[in-house]
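First the structure, then my questions, so here it is.
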Amino acid sequence: MRAARSPLAARTVGFTESVIREMTRLNAVHGGINLAQGFPNFAAPTEVKEAAKRAIDADLNQYAITWGSKSLRDALARTYRDLYTMAVDPETMLTVTCGSTEAMVSTLLAIVDPGDEVVVLEPFYENYGPDAAICGATPVFVPLRPPSFTFDPDELRRAFTSRTRAIIVNTPNNPTGRVFSRAELELIAGLCRDHDAICVTDEIYEHIKYAGAHIPIATLEGMAERTVTISGASKTFSVTGWRVGWIVAAPELTAGIRKVHDFVTVGAPAPLQEAVAVALELGRPYYDRLARDYHARRDILVRALEAAGFAPNTPEGAYYVLCDIRPFGFADDVAFARWLVSEVGVAGVPGSSFFSRRELGRHLIRFTFCKTEDLLNEAGARLARTHELASRSRDRSRSASSA
Ligand code: GLN
């Protein structure tokens, strides 16, 4: 008799459930404060919500053009020109996707052949691992070393080989909060040019940064033709559930990416694309205010974490704080995160989920601060008891084991 084969394809075997999404579910069970998954608990801008309602009422409810409604692509082209002096032809260089999540996987499916190497800076947003697996790429990890989370230029140089097809860059960075400097981006750009590799850059946090201007790597010399720039509305306009993202790339790359995107999704939600086109008109004053508000939220959470003994790393951008958990006497980040949500009532993401070699993140936890100041203050008050509750838990388990 033939052995029963697994009903699942080999490419899924290495997949684990997303730890970020799992923590959100666990948090709901314990009624905790969710500082795990990065979604805002505050309202999207009124004018953006009104625009979505108007679009639905106007019956813009059928498929948009597969690579994005004309109004959104035109608004994006204007935005990239005004903010970054990037020349983006809306007819040939833009693809609107179902969030930047789809943007990343459609891009990699379009440009990577099985066996190609893709350089990933580690720690990394957990989707990049499965993204590489889905297209059969071999990820090559280069560490971002704490406490500053910089890469060693020589290590990065060594990671590029004749098999390198692409590098994934994420700046501002999730989970480290790093914003790569112009010098670091120049080094990456030089390696891409020398090795004829493509830079796939996830810039979803482009407007959430606490000093200086955002530098799209596509604006560096010789990079426009070899960069795929990914971003989206989710974080900038606090609409993570809308699933509207986009890809800017040279026409030849865009042509391939659009085909994958079309066959996988047909297109992003049509009325919401209209609303995001309106959102982009809010422009610079809106982005400045967003960054200021996040700065205040960052400071509340970082101070609370410091006071509670977490040794947080103050981020330069994005809305996450990585913290060292060793002061609390837990050897394992997953056990600590589970304990924290059930006993302290605050959810974070275990650090190991951002590493290919899980042990590198065993001493870390990530908290997000995309929450109202009230909720962050409440989380701070709960976290202040972490030391006390941890030592009580230790006492309890000691007396249980000696009983
Ligand atoms: N990017 C966000 C995070 O890291 C949300 C991830 C998700 O669940 N899509 O938490």
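Numbers here simply count residues along the sequence, with the first being 1. Remember, it's 1-based here, ligands and their atoms both numbered in the order they're listed.
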Full working for side chain to side chain donor-acceptor pair (under 3.5 Å) between T265 and H261: CA-CA 6 Å; T265 73; H261 158 74; 3.3 Å; yes

How would you list, by chain and number, every residue that makes a salt bridge (charged side-chain N to carboxylate O under 4.0 Å, His left out) with D152, sequence neighbours excluded? none

Could you note down all residue pairs passing side-chain hydrogen bond (donor to acceptor under 3.5 Å, both in side chains) where residues 210-219 supplies at least one of them, sequence neighbours left out? E203-H214

Is the gap between the ring centers of F310 and F367 under 6.0 Å? yes

side-chain hydrogen bond (donor to acceptor under 3.5 Å, both in side chains) with R338: which of E22, E343, H30? E22

Throw together a table of side-chain donor-acceptor distances under 3.5 angstrom for residues 127-134, partners on residues two or more places apart or in other chains.
residue: N127; atom: OD1; partner: Y125; partner atom: OH; Å: 3.4
residue: Y128; atom: OH; partner: D202; partner atom: OD2; Å: 2.6

At a 4.0 angstrom heavy-atom cut-off, what protein residues surround ligand 1? I20, R21, Q37, G38, Y125, N174, Y205, K235, Y320, R366

